[in-house]
Amino acid sequence: MYDKSIEQDYYKICEQRGYFELDSNKNIQEKDKYFCIMMPPPNVTGVLHIGHALTFTLQDIMVRYKRMDGYKTLYQPGLDHAGIATQNVVQNLLLKEGLSKEKLGREAFVKRVWQWKEQSGGQILEQMRLLGITPAWSRLRFTMDEGLVNAVKEAFVDLYEKGLIFRADKMINWCIHDGAISDIEVEHKENEGFLYHIRYFLKDSTEYVVVATTRPETFFGDSAVMVNPNDERYKHLVGKTLVLPLSKKEVKIIADEYVDMSFGTGLVKVTPAHDVNDYEVGLRHGLDFVVVFDEKGVLNENCLEFKGLDRLKARELVVKKLEEEGFIEKIEKHNNQVAYCYRCKNVVEPYISKQWFVSKDIAKQSIEQVADSKMKFFPSHWINSFNAWMRELKDWCISRQLWWGHQIPVYYCECSHEFASKDEPKHCPKCKGVNFKQDEDVLDTWFSSGLWAMSTLGWGNRGFKEGELYNSDDLKNFYPNSLLITGFDILFFWVARMMFQSTNALKQLPFKEVYLHALVKDELGRKMSKSLGNIIDPKELIKDYSADILRFTLALLAIQGRDIRLSEDKLVQVRNFTNKLYNATNYLLLNESSFKNLDELDVKSKLGKYILSRFNLCIKELRENLDIYRFNDAATVLYRFFWDEFCDFGIELSKAEKSSVAELGAIFKEALKALSVFMPFISEYLYHKLSGTSLENDESIMIKPYPKFSKRDEETEKLFALIIESIVSIRRAKSLLELTKIKKAYIKLNDESLKHSLQKYKHFISLLSKSEDVDFVDTKMKDCSSDISVNLESFVPLEGLDLSAILNRLSSQESKLQKEKEKLSSMLSNENFVKNAPKELVLQNQKALESVNERLLKVQTELSNLRSLSD
C-alpha cells in the first residue's frame, strides 16, 4: 500500500529545491503571466485549525494549478503579530516568574516578546507544511518586521496628513483588562440575567413612570428617559421632567423612534456615555454624556456612596438601596446577549474614550471601484453584503492600549504641537524644541494586516524612482493580487480594510477576484465548539489519514456558498479513492515495466482513443471549474474520471485488449499531473513509480506543464457509451435473478445500424458483463429476463432456472419496497412534517421516494414478465 509517511520526505525535497519560489518553473514559465495570492497571516500564537486547513488547501490548489500552467507565481506567506493575544501570553509567562510588564518597563517587555516570538512563534508554519502547501517560504513576512513597520508608518502619516486619521472622544468597545478592542474581538453570549423595573418620579409629583433596564448600576449616568413618539400611552409626558432615584438629578422625557414600544414598559433610560445606541440618541438630542466609571470599571463620584466599587459588583448593592428607598417596581428573569472580551473574558463595556480613528470616508474610492465591477466576488452574492456594510461604515478605532505592536507615530511637544512622522524626529517642527514624546498606544492589528496586499510587495519603503509608483518589480508584477481566498467571516474585518487602505494608497483595488468560502461544520451541520465536543483537529486527520486525503475531501465538499460538513464517511470515501489509484498503478505495472509520457505516444487502440477522449473532456471541465473556483465540481470531475471511467471501465476493458495498457499508463500519468494540485504526494509517488524514476533523482511533476485540453473523439466515445450501456444493462438483468456468470446474453439495439460496429467489440461486453457470449438480435427474446435501457434492451435466458424461487424473492422485494413507499409517501403528505422539518431532510425523503419508485417499477415489471412465463 501507499505509505503516507513519504509526504514529509517529498515536501522537504521540494522545498529544498526551491520549487515553491517565484522562478521554480522556469522551463515552462511564460512571459507576462503573473499570479499572486496572499496567505491570510495567522496569529503568531496560533495553531492549525480546520478553517486554516480549508483556506490553505484551496489557495494551494490554485497556486499549484497556475504554477504548472506557466505563470510566475507568488504565494505570499506570513504571520500576524496578534497584539492582544501575544501580549497576554507573555504577560502570563512573566506572572509565573513573579514579574509584570510594568516592572520590566516598555523596552524590556517588548524585547521579551520578541524573544518569545523567536522561540515559540511560528509553530503554525510547521503545521502548514504538514498540509503540503507551497508558499514562497524564503519571502516569509511578519507584520512587525522592518519593511512592514515602514509601510505602517507610511500609511499612517499619509492618512493623518489627509485628515483621514484623527483623534477624538468617541464610543468604543472597552475591556477593563485590554482596553479598546475591535468588534471581532468581542464575543456575544446568552446571559441569564434580570430585568429591573425602576420607578422614576416626575418632578414635584407623586406620579412616576417605570423604566426597565438590565444594567441598573448605570442609571447614575442617565441624561434622559425616552419614549416612542407614536406611543399613545406616553405622548402626554414628552417634555416633562423626571427626578433620578437616589441622586435627585433632573432629566427630561424625550421622544425618539429608536424606542421599541414592546420592550419592557415602553420607556427607556438614556445613558449616552455607556450604551452604543444611547450614544447616537445623545448626539441627536444634544444630551449630556455622563461617565459613571473609569477605565478599570470602578464607579466614580457620580455614583454617590457606591464610588470605588467595581461596576458589576456594585449592581447588587445599588438594587438593594433602590429597593430600600421604594424605587423598585419589580424584578423579573430576563435572558439577554452580553459582550465579552474574546481573550480575557471580561464583560466589554461601551465606553467613551479619546482614541485614534480612521475616517469612514477612506472607503469611498473602493466602494466606487467595486460598483464599477473592477473586482469580482465568488460567490457573487457577497457583493451585496459588502455594499450594505460599506454604506453603514463607521469611523474605525485603531488605537490599542498595549505595548506590543506598531506604536502610533504621533508626537506631542511641550509647546502643545502634535505631529506625525515616519522617521524618529530630532526636534519639533514648530518650536524646534526636543521636549516631545511619542503616543504610548499601538495600532490595531488589523491596521498593519490591512496593508498586507501591498506591504509584502515592498510598498511603503524607500527607493522608488521619480515619476514611477515604486521601484519594485514585485509591486508592478503582483499588484493588484490575482486572487484572495479567505473565510466569509472576515470580509469586513480584513478584506474590506485591505480594500480601502490599498485603494487609498495605490488608487486601485488590491485584488482582481475574491473567493469567500463558508465554514467547516460537523456532519450534522453544527458549528464546532469545545462544549459540543465536535472540534476537528486537522493535524489528527493528517496523522490518521494523510494530507492528500484531507485536502481532497475538503475540496470535494467546498461548494460555493454552502457550509462544509466534514464527516468520517467522506474521509473514508477519499481513502478508498487513493487505494483505487494505487491498485490501478499496480495493475498497469503488472503488464508493463514503465510508461512513456503521453506526448511521446501515438494512441492507436480503440480503447486508448476512448480513454484519451474522456481524459480530454475531464481536463476541459476541470479547467473550467478551477477558473471560476468551483472546487467541489473540479474535484468531482477528477474523481469521476479516475474511478468510473479509467478504473471501472478503462482498466477492466484492457484485460480484453492488452495492447492498450501502454497507452492507458501514459494517460494515467498525465491524469496524475491534473490530480497533483489536489493530492500532491500520492500523485508524485505514483507518477514516478509508473515512469521508473524517483523524486530523489528526478524533477517533480509540480513544475511540469498542467494538462491542456486537446480534442475529443466523439465517434469513439459514442461507440464506447453503447458498449458500457450494454454491460450495465446485462448486469441489471442478471442482478434481478441474482446471477453471476452466464453462458449467453442478448442485446437488441434501438438503432440497428450500430449493430455491425458493436459486434467488433462484443468481447468487451462479454468480459465485463461476465457472459460467455453475447448475441445481437432484431426482436425481443422470449423466456428471458430483460432490462430496458436508453438505446437498447438486454435479455438473459431463464432456461434452467427455478422460477418459483425467483418469483418468491421478487415478491418479497416488492412487499418491502411497497411498505417503504407507503412510509415515505405518508411523511411527505404530512403538511406539518413538510413545514417544520429541515429542508434537507424533506429533500432527502423526496429523493428516497423517487429511488423506491424506480426500484419498485423494475421489480414489478420483472414479476409480470416472469409470471407470464410461468402461467
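Just so we're clear, the structure is a prediction, and the values are computed from it rather than from any experiment.
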Checklist line | Rounded distance (nearest 0.5 Å) linking atom CG of L483 with atom CZ of F378 | finding: 8.5 Å
Notebook entry, point to check: Is the charged tip of K189 near the ring of Y340: under 6.0 Å from the six-membered ring centre and within 45° of its axis?
Noted result: yes
Notebook entry, point to check: Cationic tip of K33 within the cone over Y71's six-membered ring, i.e. under 6.0 Å and within 45° of the normal?
Noted result: yes
Next item on the list: Evaluate the criterion salt bridge (Lys or Arg N to Asp or Glu O under 4.0 Å) for residue pair D395 and K170; output intermediate values, then yes/no.
Entry: CA-CA 9 Å; D395 296 333; K170 290 171 72 72; 3.4 Å; yes
Does either side chain, that of [X] or that of [Y], offer a donor lying less than 3.5 Å from an acceptor on the other one?
X	Y	value
Y479	Q508	no
N504	D158	yes
Q365	Q369	no
H517	T55	yes
D60	Y65	no

[atom1] ([X]) with more than 12 external heavy atoms under 6.0 Å:
X	atom1	value
R562	CZ	no
K437	NZ	no
E146	CD	no
K12	NZ	no
E102	CD	yes
K539	NZ	yes
K162	NZ	yes

Tell me the closest heavy-atom pair linking [X] and [Y], and the distance in Å.
X	Y	result
F492	R497	O-NH1, 3.0 Å
A547	I542	N-CG2, 3.8 Å
A363	F500	CA-CB, 3.7 Å
L148	F142	CD2-O, 3.6 Å
W452	T456	O-OG1, 2.7 Å
R141	S455	NH1-O, 4.1 Å

Check: Under the 3.5 angstrom rule, does the side chain of D275 hit a backbone N or O of N277 as a donor-acceptor pair?
Finding: yes
Next item on the list: Return yes if some donor-acceptor pair links the side-chain N/O of R551 with the main-chain N/O of L131 below 3.5 Å, else return no.
Entry: yes
Next item on the list: Quick one: which residue pairs count as a side-chain hydrogen bond (donor to acceptor under 3.5 Å, both in side chains) with a foot in residues 371-390, not counting sequence neighbours?
Entry: none
Margin query: Considering only residues two or more places apart or on different chains, which pairs with a residue in residues 438-451 satisfy side-chain hydrogen bond (donor to acceptor under 3.5 Å, both in side chains)?
Written below: W356-D439, W396-D444, R400-D444, Q401-D441, Y412-D439
Item checked: Test salt bridge (charged side-chain N to carboxylate O under 4.0 Å, His left out) applied to D169 - qualifying residues, sequence neighbours left out -> K354
Notebook entry, point to check: So, do L94 and R112 sit near enough that their side-chain heavy atoms are less than 4.5 Å apart?
Noted result: yes
Item checked: Partners passing ring-ring contact (aromatic ring centres under 6.0 Å, His included) against F552 (at least two apart in sequence or in another chain) -> F577, F678
Item checked: Ring centre gap for F631 and Y515 strictly below 6.0 Å -> yes
Next item on the list: Please list, chain by chain and in numerical order, all residues satisfying side-chain hydrogen bond (donor to acceptor under 3.5 Å, both in side chains) with E418, sequence neighbours excluded.
Entry: Y160
Checklist line | Verdict with reasoning, E126 to R129, per salt bridge (Lys or Arg N to Asp or Glu O under 4.0 Å) | finding: CA-CA 5 Å; E126 290 309 310; R129 288 176 164 90; 3.0 Å; yes
Item checked: Pairs flagged by salt bridge (Lys or Arg N to Asp or Glu O under 4.0 Å) wherever residues 71-86 is involved - sequence neighbours left out -> D23-K72
